[in-house]
Amino acid sequence: MENIRVVVNGAKGRMGQETVKAVEAAEDMRLVAACDLADDFVEAARSAGADAIVDFTVPSVAMENARRIMETDCAGVIGTTGFTAEDVEKLRGEAERREKGILIAPNFAIGAVLMMRFAAEAARVMPDVEIIELHHPGKVDAPSGTALKTAALIAEAKEKAGLGTAKPVGEGQAPRGMVVDGVCVHSVRLTGLLAHQEVILGGEGQTLSIRHDTISRASFMPGVLLGIREMVKRGGLVYGLDSLLFE
Ligand code: NAD
């Protein structure tokens with residue numbers, strides 16, 4: 001089989017640089033363009049006959065870039081955060097007609113995907129839960145896409161388990177964090193951190209902490225490569241790496 005021809009957009013950034021290295025090292029892929037602010041990645045993808053575009057840019061252009069990827073015949077693997085649930089649904093409709101798929105994954109680290117899954121599972125039995133997400137100070141969005149996704153999964157799991165949507169204690173008070181889907185989310189931005197998240201579940205006389213730590217950006221790459229390999233084979237939109245890992 002021919003190598004998958006890949007364009008990386010945001011290639012000068014922290015995640016972009018890591019992706020460029022990972023694609024270059026993958027035996028079944030070929031990096032055909034590394035684009036950043038000064039480049040037109042759609043034009044680059046077209047002229048290189050690319051099969052897939054990976055986007056790690058900034059939340060303010062996430063939606064625009066997703067739409068631009070859909071102007072091409074390429075699969076899209078989007079790690080840029082900042083998509084709202086409505087954005088994803090809008091794109092899902094537009095992606096249905098495509099031959100190649102679009103993956104939007106708030107977290108490509110397989111351990112983080114497991115952390116989200118275990119947290120949702122645990123919340124079915126221990127519904128009192130809060131999220132603390134901790135990141136490097138260069139991260140522009142808060143709460144993180146992973147925290148938003150975790151809160152959504154917890155809310156879905158609780159609803160399926162028939163548990164009520166009790167309001168968090170002290171909701172609306174700034175020190176209690178931001179309430180996302182009924183879950184308090186606290187964001188820490190601190191030098192020395194990379195990407196971490198702890199989900200704390202409380203029960204009578206006990207707590208359960210489920211924690212994931214990203215120690216290096218290399219942790220995201222197996223998920224990015226899996227996304228590229230899968231999305232060139234299918235149409236439609238996939239939200240979250242868990243859909244690829246557990247289907
Ligand atoms: P970064 O600031 O290091 O890099 C962003 C790069 O995008 C820069 O090189 C910048 O010049 C470029 N850029 C900005 N606007 C652009 C545009 N319109 N067109 C092309 N290039 C543009 O950021 P980062 O740490 O690499 O993170 C990038 C994104 O990925 C963020 O949204 C971050 O939250 C997200 N992220 C996702 C995951 C995941 O697993 N999904 C993991 C880490 C980071």
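Ligands are counted one by one from 1 in listed order, and the atoms in each one are counted from 1 as well. Treat the numbers as computed from the prediction; the structure is a model and nothing was measured.
Evaluated by nearest non-hydrogen atom to atom 43 (C) of ligand 1, the leading choice among Met15, Lys12, His136 is Met15. Distances from atom 20 (C) of ligand 1 to the heavy atoms of Val140, Thr214, Val224, Asn9 show the closest one on Asn9. The option from Thr57, Thr81, Asp55 that lies nearest to atom 33 (C) of ligand 1, judged by heavy atoms, is Thr81.
Cation-pi geometry between Arg68 and Phe41 is met: the NZ or CZ atom falls under 6.0 Å from the ring centre, inside 45° of the normal.
Contact annotation: for Pro106 versus ligand 1, heavy atoms closer than 4.0 Å belong to the backbone alone. With a 4.0 Å heavy-atom cut-off, ligand 1 is reached by no atom of Arg217. The residue Ala62 has no part lying near ligand 1, judged by heavy-atom distances below 4.0 Å. Under 4.0 angstrom from ligand 1, the non-hydrogen atoms of Phe220 all belong to its side chain.
Annotation: Cys35 places no N or O atom under 3.5 Å from an N or O atom of ligand 1; distance criterion only.
Proximity of a side-chain donor or acceptor of Asp213 to a complementary backbone N or O of Ile215 within less than 3.5 Å is not detected. With hydrogens and angles disregarded, no donor-acceptor distance shorter than 3.5 Å links the side chain of Thr214 to the backbone of Leu194. Checking side-chain atoms of Thr72 against main-chain N and O of Cys74 turns up a donor-acceptor pair under 3.5 Å. The closest donor-acceptor contact from the side chain of Lys100 to the backbone of Gly76 lies at 3.5 Å or more, if one exists at all.
Among all non-hydrogen protein atoms, the one lying nearest atom 12 (C) of ligand 1 is Asp36 OD1, 3.3 Å. Residue, atom and distance of the protein heavy atom nearest to atom 37 (C) of ligand 1 are Gly79 O, 3.0 Å.
The salt bridge (charged side-chain N to carboxylate O under 4.0 Å, His left out) pairs that include a residue from residues 184-209 are Glu133-Arg189, Glu198-Arg211, where partners are two or more places apart or lie in different chains. Screening residues 23-32 for salt bridge (charged side-chain N to carboxylate O under 4.0 Å, His left out) gives Asp28-Arg229 as the qualifying pairs, with residues at least two apart or on separate chains.
The Pro59 neighbourhood of ligand 1 comprises atoms 32 (O), with distances under 4.0 Å to a heavy atom of that residue. Near Lys139, the atoms of ligand 1 lying under 4.0 angstrom from a non-hydrogen atom of the residue are 34 (O). Atoms of ligand 1 lying under 4.0 Å from at least one heavy atom of Phe108, given by number and element, are 39 (C), 40 (O), 41 (N). If you number the atoms of ligand 1 from 1 as listed, the ones under 4.0 Å from a heavy atom of Val61 come out as 18 (N). Contact atoms of ligand 1 toward Val58: 14 (C), 15 (N) (distance under 4.0 Å to a heavy atom of the residue).
Atom CG of Asp128 is separated from atom CD1 of Ile200 by 12.5 Å, given to the nearest 0.5 angstrom. The distance from atom NZ of Lys90 to atom CG of Leu237, rounded to the nearest 0.5 Å, is 13.5 Å.
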